There are 2 protein chains.
Amino acid sequence: MTQHPDPPATLADVARRAGVSPATVSRVLNGNYPVALDTAARVQRAVTELSYVVNGNARALAAATSDLVGIIVNDVADPFFGLIASGIQDETGGTDVLAIIGNTAGAPDRELRYLTLLRRQRARAVVLTGGTVDSPDHLRAVATQVSALVSAGTTVVLCGRPPLAGADHGPLAGVSTVDFDNRGGGQALTAHLIALGHRRIGYVAGPANRTTTKLRVLGHQDALKRHGLGGTDCPVVSGDFSRGTGESATAELLRQRPDLTAIVAGNDTIALGVCAYLRSQGRTVPADVSVAGFDDLPFSADAVPALTTVRLPLIEAGRTAGRLALGRQLPPPGGIFPVPAELVVRASTAPVRGI
Amino acid sequence: MTQHPDPPATLADVARRAGVSPATVSRVLNGNYPVALDTAARVQRAVTELSYVVNGNARALAAATSDLVGIIVNDVADPFFGLIASGIQDETGGTDVLAIIGNTAGAPDRELRYLTLLRRQRARAVVLTGGTVDSPDHLRAVATQVSALVSAGTTVVLCGRPPLAGADHGPLAGVSTVDFDNRGGGQALTAHLIALGHRRIGYVAGPANRTTTKLRVLGHQDALKRHGLGGTDCPVVSGDFSRGTGESATAELLRQRPDLTAIVAGNDTIALGVCAYLRSQGRTVPADVSVAGFDDLPFSADAVPALTTVRLPLIEAGRTAGRLALGRQLPPPGGIFPVPAELVVRASTAPVRGI
DNA sequence: CTGAAAGCGCTTACAG
DNA sequence: CTGAAAGCGCTTACAG
């Protein structure tokens with residue numbers, strides 16, 4: 001299958017062919033040092049003839065730098081992460097850095113493994129995207145890895161998760177955060193529902209114990225409390241960020257409170273499942289039950305009825321994270337770059353019946 | 001910001017601390033050679049104490065291998081690619097390889113750049129996913145890069161694009177292909193519409209000149225020809241794989257043939273745009289116009305009406321590509337692994353009116 | 001089971 | 001503007 005692995009040409013081969021020293025070839029390639037024009041031309045020709053490409057490992061080892069930027073995501077198949085990642089790659093696209101995406105599939109140990117791997121590749125920067133498991137142990141392990149990365153000279157950016165606390169409980173030095181206002185968004189959404197007259201509002205949360213989930217639920221509860229609502233009138237069920245969770249959790253919610261007039265979902269994907277289940281039960285959205293999502297993913301505007309949701313400017317946030325990672329943008333004082341969440345009211349929410 | 005980049009511990013540091021030679025540390029770390037138990041224990045302790053991680057670049061350079069598997073995609077934000085990539089990472093997850101995703105944003109030169117970068121990292125394997133620009137120049141450039149990769153010992157897998165031709169026009173040796181039946185799927189879809197009585201069928205294609213687009217259109221035309229249809233009754237407009245294209249192209253299609261009874265889209269995302277535009281014009285799907293997509297992405301079942309489409313088992317195809325890349329599965333004879341496309345009939349297509 | 005030594009393919013002061 | 005030489009941090013025959 002792989003016939004006689006033909007060793008690629010080396011810099012020494014190029015030097016020999018061009019009749020110069022390896023040092024000169026290196027300087028031509030890196031363009032960081034004056035070289036006579038005709039010498040450079042000869043070297044370039046030799047490079048082409050041998051179809052030489054530098055050995056990235058050797059270069060990184062010798063120069064003690066690398067052009068890798070790692071992006072860690074929870075789920076590549078989820079557009080939420082795809083959008084952030086493409087925003088980051090918008091920024092890295094024109095440069096000589098290689099942005100690479102690692103998928104944890106939501107597993108904390110894989111998050112840690114990618115961090116180690118990036119550490120051993122001596123990555124130039126790493127961007128951790130989306131929520132993380134909110135347990136003291138995991139957070140401590142991440143903080144340890146991140147500190148090691150930072151002290152080895154790697155730029156670390158958090159995008160869509162809360163700032164990391166260091167050993168001293170203060171924010172970890174040298175790490176900037178693009179911080180989504182999940183709590184504020186959750187609050188605005190539920191406040192909107194309350195303003196429409198809803199009093200019995202169910203909530204379908206994403207994976208329990210993840211920062212994103214917790215903050216959104218917290219925002220929801222902020223709004224409820226402000227109006228003296230909550231308790232068994234407003235049950236909360238959690239699952240994962242999937243359509244299936246939307247369906248099964250809605251069944252559970254309606255078992256608990258068949259008279260719910262609104263259901264809020266932890267994200268748009270869940271919301272689609274909520275709508276599908278309600279439809280299957282002969283309940284109309286929003287006439288019978290209002291439904292809302294979170295994130296404003298592209299498909300949300302196309303759902304029927306179009307989804308009321310909270311927009312997070314994912315691509316733009318990714319770009320910001322990318323600029324921060326490349327050092328093209330200075331981190332704000334305190335290292336936190338806030339990203340607002342904007343309520344987007346569409347057709348899936350309406351005044352409660354009889355009001 | 002990055003305070004005193006603290007050089008990470010080296011293998012020599014570990015050796016010193018454990019009171020052994022660097023060679024021994026290396027052997028303990030790689031576990032590929034007998035080492036006395038207590039020696040190994042001492043080394044492990046030193047590793048922990050120094051929180052040592054191997055320098056991947058040095059290792060790759062010395063061992064002339066690497067644990068990188070590159071995945072090249074056209075658009076990370078598109079679930080089509082996300083699903084394939086997550087399938088691949090399902091396979092690489094449990095191993096020590098680091099699967100990394102590079103996003104070309106559909107630009108041929110970025111595809112080439114990633115290939116070069118992967119080549120210089122001496123990647124263990126690379127998987128090229130989705131369609132590519134179908135121009136002789138680009139295909140030749142890709143073939144050149146791929147040959148270089150293969151002869152350097154990298155396993156190359158194509159997933160969702162046609163086999164690559166070598167200089168001799170035969171299939172490139174040592175490259176396996178997970179080949180989607182885009183043409184057959186396109187054919188089945190249009191045949192379904194014809195069976196429903198449709199004779200004036202518009203087509204909204206993805207980016208012209210991409211293999212995926214071309215093959216799907218070809219399948220569509222196969223079906224039309226078989227029934228003596230085509231010509232101005234069946235106009236084709238192309239754009240990109242976006243919702244926006246679905247909207248604008250439908251406007252254009254209806255300008256050309258206001259009496260179209262069905263519209264086929266190059267993928268599900270486009271189909272959503274088609275539906276949205278029709279709705280905005282007061283036309284009902286499928287009563288007035290039938291609409292169909294391609295891919296069967298997760299949201300398609302949730303659209304209202306649910307989308308008739310062609311299912312491509314994206315995750316499973318990704319897994320196959322992953323196994324091929326890791327050498328866990330032998331490439332089939334001829335190097336081509338066919339992936340069938342299955343017609344999925346849902347609510348967005350119906351018999352033509354008056355039949 | 002363990003170590004000394006060469007070598008992987010680059011870069012970069014140091015000289016000239 | 002150019003070269004000789006040391007060194008980056010590992011691995012792996014080669015000895016023992």
Side-chain angles (χ1 to χ4, degrees), chain A residues 5-44 46-47 50-68 96 117 119-123 152-153, chain B residues 5-44 46-47 50-68 96 117 119-123 152-153:
Chain A
D6 188 11
T10 68
L11 190 145
D13 296 332
V14 175
R16 212 168 300 124
R17 178 151 198 140
V20 297
S21 75
T24 299
V25 175
S26 172
R27 296 196 264 249
V28 171
L29 258 29
N30 292 305
N32 52 4
Y33 216 81
V35 175
L37 252 55
D38 58 323
T39 309
R42 244 180 318 144
V43 170
Q44 290 294 11
V47 165
L50 296 172
S51 86
Y52 169 75
V53 295
V54 69
N55 180 319
N57 294 122
R59 166 182 283 177
L61 177 58
T65 67
S66 111
D67 44 20
L68 282 183
D96 62 343
L117 287 159
R119 187 140 80 96
R120 84 181 193 206
Q121 294 304 132
R122 307 298 188 253
Chain B
D6 189 10
T10 68
L11 188 145
D13 296 333
V14 175
R16 211 168 299 123
R17 180 152 195 140
V20 298
S21 74
T24 298
V25 176
S26 172
R27 296 196 263 251
V28 171
L29 259 29
N30 292 303
N32 52 3
Y33 215 81
V35 174
L37 251 56
D38 59 321
T39 310
R42 244 181 315 143
V43 170
Q44 289 295 11
V47 166
L50 297 172
S51 86
Y52 169 75
V53 294
V54 68
N55 180 319
N57 294 123
R59 165 182 284 178
L61 178 58
T65 67
S66 112
D67 45 19
L68 282 184
D96 62 343
L117 289 159
R119 187 141 78 96
R120 83 180 194 207
Q121 292 305 132
R122 305 300 188 251

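Model, not experiment: these values are computed from the prediction. In what follows, chains carry the letters A, B, and so on, assigned in the order in which the sequence lines appear, proteins first and then strands, with residues in each chain numbered from 1.
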Q. If you walk 5' to 3' along DNA chain C, what is the first nucleotide with an atom under 4.0 Å of a heavy atom in chain B, and what is the last?
A. C:dC1 to C:dG9

Q | 5' priority, DNA chain D, between A:P34 and A:A63 [closest heavy atom] | A | A:P34

Q | Most 5' of B:Y33 and B:L61 on DNA chain D, judged by nearest nucleotide | A | B:L61

Q. Got a sec, which residues hit side-chain hydrogen bond (donor to acceptor under 3.5 Å, both in side chains) with A:D13, two or more places apart in sequence or on another chain?
A. A:T10, A:R16

Output a table of donor-acceptor pairs, distance under 3.5 Å, between side-chain atoms of residues 22-38 of chain A and any protein atom two or more places apart or on a different chain; print 'none' if there are none.
| residue | atom | partner | partner atom | Å |
| --- | --- | --- | --- | --- |
| A:T24 | OG1 | A:S21 | OG | 3.3 |
| A:S26 | OG | A:N30 | ND2 | 3.4 |
| A:N30 | OD1 | A:R59 | NH2 | 3.1 |
| A:N30 | ND2 | A:S26 | O | 2.9 |

Q | Atom C1', compared across D:dG16 and D:dT12: separation rounded to whole Å | A | 16 Å

**Q.** Pairwise distance CG(A:L117) to CG(A:L68) - rounded to 0.5 angstrom
**A.** 11.5 Å

**Q.** Spatial distance of atom CZ (A:R119) from atom OH (B:Y52) [nearest 0.5 Å]
**A.** 11.0 Å

**Q.** Nucleotide pairing, DNA chain D (Watson-Crick or G-U, distances under 3.5 Å), in dot-bracket with [ ] and |
**A.** |||.||||||||.|||

**Q.** Residues which pass salt bridge (Lys or Arg N to Asp or Glu O under 4.0 Å) with B:R120, listed by chain and number, not counting sequence neighbours
**A.** A:D67

Q) Starting at the 5' end of DNA chain C, which residue's closest nucleotide do you reach first, A:N32 or B:G19? A) B:G19

(Q) Does anything in residues 23-31 of chain A come within less than 4.0 Å of DNA chain D? Heavy atoms only, and list the residues if so. (A) A:A23, A:T24, A:R27

Q | Check: B:R122 main-chain N/O paired with B:S66 side-chain donor or acceptor under 3.5 Å | A | yes

